[in-house]
Protein chains: 2
Amino acid sequence: MRTHYCGLVDEALIGQTVTLCGWADVARDLGGLCFIDLRDHEGIVQVVAEPEAATEGNAEVIAAAAAVGYEDCLRVTGEVRRREAPNAKIPTGQVEVVARRIEVLNKAEPLPFHSHENAGEDVRLKYRYLDLRTPEMQRRMRVRTKLVRALRRWLDEAGFQDIETPILTKATPEGARDFLVPARMHPGEFYALPQSPQLFKQILMMAGFDRYYQIARCFRDEALRADRQLEFTQLDIECAWVGERDVQDATEAMIRAVFREVADVELGAFPRMTYAEAMRRYGSDKPDLRIPLELVDVDALVKDSEFKVFTDWAGVDGGRVCALRVPGGASLSRKQIDEYAAHAAKYGAKGLAWAKLAENGDVSSPIAKFFADGAFAALLAHVGAGGGDLVFFGAGNYATVSDFMGAVRLKAGREFGLVAEGWAPLWVTDFPMFEWDEEAGRYVALHHPFTAPAVDDEAALRANARSAVSRGYDMVLNGNEIGGGSIRIHRSSMQSAVFELLGIGADEAQAKFGFLLDALKYGAPPHGGIAFGVDRIAALMAGTDSIRDVIAFPKTTTAQCLMTGAPSTVPESQLAEVHVQVRRKQ
Amino acid sequence: MRTHYCGLVDEALIGQTVTLCGWADVARDLGGLCFIDLRDHEGIVQVVAEPEAATEGNAEVIAAAAAVGYEDCLRVTGEVRRREAPNAKIPTGQVEVVARRIEVLNKAEPLPFHSHENAGEDVRLKYRYLDLRTPEMQRRMRVRTKLVRALRRWLDEAGFQDIETPILTKATPEGARDFLVPARMHPGEFYALPQSPQLFKQILMMAGFDRYYQIARCFRDEALRADRQLEFTQLDIECAWVGERDVQDATEAMIRAVFREVADVELGAFPRMTYAEAMRRYGSDKPDLRIPLELVDVDALVKDSEFKVFTDWAGVDGGRVCALRVPGGASLSRKQIDEYAAHAAKYGAKGLAWAKLAENGDVSSPIAKFFADGAFAALLAHVGAGGGDLVFFGAGNYATVSDFMGAVRLKAGREFGLVAEGWAPLWVTDFPMFEWDEEAGRYVALHHPFTAPAVDDEAALRANARSAVSRGYDMVLNGNEIGGGSIRIHRSSMQSAVFELLGIGADEAQAKFGFLLDALKYGAPPHGGIAFGVDRIAALMAGTDSIRDVIAFPKTTTAQCLMTGAPSTVPESQLAEVHVQVRRKQ
């Protein structure tokens with residue numbers, strides 16, 4: 001149908017006749033002299049139809065060119081020649097194609113919008129096929145394709161075996177909500193879509209596979225935050241006969257290799273940090289190390305003050321009082337400081353104390369009065385604050401303070417332009433095994449209930465559950481958790497003990513996870529793995545904040561596909577076939 | 001955790017100390033001298049524990065070895081030495097490992113079965129992890145992994161872009177039944193799982209992508225025939241600006257390349273055959289060309305007989321009378337011939353006439369008496385029948401006769417050992433656009449309603465719908481349709497015309513496929529593609545009849561996963577969340 005791609009026509013073709021297919025990106029009729037920018041996935045080339053050309057059929061060419069509209073599908077045959085006025089902005093800018101034949105393969109109706117820059121996201125999503133035609137969206141989607149290809153190649157070469165696991169599987173309520181699928185052949189029963197292939201990949205290790213991977217679709221019926229999708233793509237990895245360093249070293253090498261290949265970025269060796277250190281220094285288990293700010297614990301320096309908010313928590317078990325110095329932050333107005341307090345409040349802060357140091361060293365702070373002579377100055381000195389700086393203080397229980405001070409750190413880092421260029425990866429390790437859920441009055445798993453504890457002894461785990469450390473690990477990049485994994489429990493007695501600590505009784509465990517408990521009995525090898533968020537990594541590499549920009553057909557935050565209109569009602573007869581009916585409002 | 005893989009220990013390691021991990025495949029205690037066959041994914045090596053060895057800790061080694069049971073997970077450290085009695089059957093058979101340390105990483109309980117040869121499929125599926133551990137299942141799954149990898153590599157190198165399409169999509173009842181997923185955020189509405197990414201891949205072409213592929217999960221809620229799965233894997237391909245030969249030539253080259261790479265098979269150039277020729281010669285649109293038998297039309301030779309079954313159909317428009325010569329078939333008993341008739345009846349035959357030629361040329365046939373002198377002999381001669389042969393005859397409407405005679409051909413080919421070794425690929429082309437559905441009193445699409453007709457003009461299509469030929473094509477291998485595709489309709493007026501001919505009204509078309517009709521209006525390029533059945537190709541390559549052997553966790557013919565117990569009931573609260581309830585029996 002064509003001899004060349006539009007975007008690849010170059011000077012080597014001058015004098016040759018080419019046939020090109022593409023969309024009319026722009027068509028200009030300058031008094032009979034028509035220019036068409038013809039676009040395909042490779043790029044754009046200029047086509048010209050000249051009235052003065054006396055070649056046979058030229059009148060038809062002129063007429064056809066004059067009638068071309070935006071996004072018409074054309075096939076153009078013509079001669080490549082050097083352009084009189086080159087366009088340095090496009091790779092084909094040295095040449096143009098003099099049309100000898102213009103065939104309209106499909107005429108386009110007037111478009112609902114012209115380019116995604118000037119259209120709202122709703123209209124872009126409704127006419128997704130027009131949005132995806134833009135060079136920027138084509139580029140982003142190509143980054144994703146390249147990323148996935150590079151990941152696969154690395155894993156293939158490293159001996160990992162690509163194995164598919166089911167999408168129609170068993171409902172195992174744990175963590176997020178399952179999507180349910182009524183089973184036609186089994187009235188009243190349901191399949192569930194997998195939240196991840198977690199149990200299947202563990203079973204694969206018990207099934208004698210050595211190293212597994214899958215680019216797997218996963219499903220979570222959660223309230224959609226701005227950047228979540230109902231379905232998302234995970235690079236799922238599992239290995240038998242390994243410890244955590246085996247998994248970490250291999251996948252760190254993989255991520256380094258794909259960043260080198262796809263983004264021409266050298267990540268270097270990843271620093272390693274325990275969960276405790278990450279919370280202490282950055283107030284986050286996924287610290288953005290591009291921001292040089294750190295939290296500083298100040299319990300010792302505030303415990304003798306008269307500020308009750310501090311003294312209630314300073315030096316108290318489970319409490320924390322810490323400070324964050326913001327260089328140059330003294331420029332903030334009261335209103336701006338209040339915005340920080342409001343931001344902190346979203347993460348649980350009841351208040352956000354602060355101190356400003358003028359350039360001349362004068363201190364203004366609502367809490368200075370609670371400190372003895374020199375004590376407040378000593379506190380500020382301990383934090384390293386100097387003229388022009390602002391210091392925020394947080395006090396409360398350890399987790400809450402870390403959370404909101406971590407959020408303040410991110411906000412300050414971004415707003416003060418302190419986010420360094422480039423890439424900051426790290427490993428976070430030594431997560432707590434459990435979190436105590438005050439509301440439920442029981443432990444919940446920080447990773448998931450199949451994560452192995454650091455101690456290999458059930459009695460020892462039971463004795464120190466609250467402080468138990470797991471064999472879980474996260475890979476963090478620029479403040480995003482891009483991968484998370486663990487060494488798994490491989491003995492059924494330990495798995496039962498963990499279920500028990502999580503308040504999952506023996507009967508419930510058998511009903512939900514009986515097949516796993518069975519499999520653990522018949523020679524389950526030690527194993528572990530990790531899962532990476534492909535959508536997020538692709539977005540990072542493509543330089544966009546939204547994973548929707550690297551998903552061909554994403555859903556909205558209200559879980560709809562604006563293009564197809566999913567979800568939708570279905571005929572009653574179809575529901576009857578699968579033995580369900582819509583529940584009427586009470 | 002280990003220094004080497006069990007299956008790769010070889011003579012180069014003699015004298016070295018190795019650490020191996022694996023399962024105890026067999027453990028034999030010969031009066032204190034213990035042999036353990038240690039198995040991992042690479043293979044098996046013999047480990048020996050010798051009582052006479054006086055090394056430190058040897059008593060513990062002996063005790064550990066003596067206690068080893070089937071499928072225990074072990075870590076063994078020991079010295080590689082040449083074996084006194086080599087075992088030529090295994091690659092490691094020249095060596096053994098003298099154990100210095102045996103660590104039981106996980107003790108296995110007594111197994112429910114030992115190897116899949118002596119276990120029923122139900123127990124194999126329940127304990128799938130044990131079944132998958134067998135070397136034969138490991139080999140099959142590896143064939144699949146290699147196939148998929150080879151397909152991807154070929155497509156990546158050919159510039160095809162891997163793009164994911166949604167799993168949660170819109171219900172568009174067409175063909176098979178959709179699986180439905182209630183939408184929590186939209187009470188009374190449902191997503192559907194895709195039967196294929198057909199519309200999405202067409203939209204991708206309209207979205208400016210040039211060549212697309214995806215190894216895509218597809219879902220069909222159909223009655224499960226022996227070798228169908230609820231979910232299956234399809235290699236989905238689509239190209240813009242192409243005609244059928246572009247798609248066929250590219251994908252034929254791809255299939256040739258992967259057979260060469262994965263199975264060391266040279267398929268050669270594929271013969272091409274129209275649908276009409278395939279039905280005429282083989283009674284099938286997916287002929288198994290390994291069987292040399294062909295149907296022979298005999299209308300002209302039977303129309304003057306007095307056998308009403310023949311004369312009713314011979315030379316009649318829409319009728320067919322044909323014969324199949326089975327070399328050596330005269331050996332069949334009446335009972336065996338009746339079995340053929342019963343087989344044909346399953347495909348719609350009301351009877352199956354036959355003639356036997358004894359070695360001496362004597363003819364015995366229930367229908368010979370209906371022929372004039374010499375006419376029956378002339379008929380048999382026309383078919384090429386000689387002494388020792390059997391000839392079957394079928395008469396009726398063209399499609400039914402072709403179907404059941406095609407089935408008789410396959411049965412005879414298999415039972416008489418006429419299936420040639422090797423591989424017989426071909427393209428079948430020029431399919432009818434529509435089939436007339438007598439029951440529904442309307443046309444149905446032979447491929448799907450998006451397939452372009454050979455004529456590019458709506459009026460011409462309407463005028464000759466019954467005999468219209470489509471631009472569809474199938475790739476057939478050894479009697480299996482392994483791929484099917486077409487050039488698609490790319491103009492909305494033609495798409496509307498085809499919907500109309502299929503009895504899909506404008507409102508219904510807009511409701512179900514409005515987004516496609518819209519997209520066709522805004523510059524849809526000519527495009528086409530194909531989809532390959534990955535499960536089937538993997539099964540063919542792995543040399544197994546069942547696709548379940550190349551799917552890690554398949555479902556049974558009753559749509560259950562015996563390992564996890566899916567589908568299952570779910571708590572009422574979970575159903576309430578998604579606004580459905582189970583329909584009570586009336």
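These figures come from a predicted structure and were not determined experimentally. Naming convention: chains lettered A, B, ... in sequence-line order (proteins, then strands); numbering from 1 in each chain.
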- prompt: So what's closer than 4.5 Å to chain B heavy atoms on P526(A): side chain, backbone, both or neither?
  reply: side chain
- prompt: chain B heavy atoms under 4.5 Å from R2(A): which part of the residue, side chain, backbone, both or neither?
  reply: side chain
- prompt: Step by step, would you call V148(B) with R152(B) a side chain to side chain contact (heavy atoms under 4.5 Å, CB included)?
  reply: CA-CA 6 Å; V148(B) 170; R152(B) 288 187 179 283; 3.8 Å; yes
- line: Honestly, the part of R245(A) sitting under 4.5 Å from a heavy atom of chain B is neither
message: Does any backbone or side-chain atom of A576(A) lie under 4.5 Å from a heavy atom of chain B? Answer side chain, backbone, both or neither.
response: both
message: For a ring pair (Phe, Tyr, Trp, His ring centres under 6.0 Å) check, start with the C-alpha distance between F160(B) and Y212(B), then their side-chain angles and the critical distance, and finish with the verdict.
response: CA-CA 5 Å; F160(B) 286 77; Y212(B) 143 94; 8.9 Å; no
statement: chain B shares the most heavy-atom pairs under 4.5 Å, among K107(A), E577(A), Q138(A), with Q138(A)
field: Residue among Y70(B), W23(B), Y5(B) with most heavy-atom pairs under 4.5 Å to chain A
entry: W23(B)
- request: Taking the side chain as every heavy atom from C-beta outward, state whether E231(B) and K555(B) have any atom pair closer than 4.5 Å.
  value: yes
- prompt: At a heavy-atom separation under 4.5 Å, does Q202(A) approach chain B through its side chain, its backbone, both, or neither?
  reply: neither
message: Out of A24(B), P110(B), P554(B), return the one with the most heavy atom pairs under 4.5 angstrom to chain A.
response: P110(B)
- prompt: Which region of R153(A), side chain (C-beta onward) or backbone (N, CA, C, O), has a non-hydrogen atom less than 4.5 Å from a non-hydrogen atom of chain B, or is it both or neither?
  reply: both
task: Output the option from G565(A), A552(A), A524(A) having the highest count of non-hydrogen pairs under 4.5 Å with chain B.
output: A524(A)
query: Are L180(B) and Y191(B) close enough, and set up right, to give a side chain to side chain contact (heavy atoms under 4.5 Å, CB included), and what steps lead you there?
result: CA-CA 6 Å; L180(B) 297 176; Y191(B) 305 98; over 6 Å; no
Part of D40(A) within contact of chain B (heavy atom distance under 4.5 Å): neither
field: Between T569(A), D246(A), D221(A), the one whose heavy-atom pairs under 4.5 Å with chain B are most numerous
entry: D221(A)
- prompt: Looking at A207(A), G208(A), P166(A), C561(A), which makes the most heavy-atom pairs under 4.5 Å with chain B?
  reply: A207(A)
- line: Residue set satisfying side chain to side chain donor-acceptor pair (under 3.5 Å) with S492(B), at least two apart, ordered chain then number -> none
- request: Determine the option with the most heavy-atom pairs under 4.5 angstrom with chain B, choosing from L516(A), I551(A), T165(A).
  value: T165(A)
- prompt: Non-hydrogen atoms of chain B under 4.5 Å away: do they reach the side chain of L130(A), the backbone, both or neither?
  reply: side chain
field: Part of E42(A) lying under 4.5 Å from any heavy atom of chain B
entry: neither
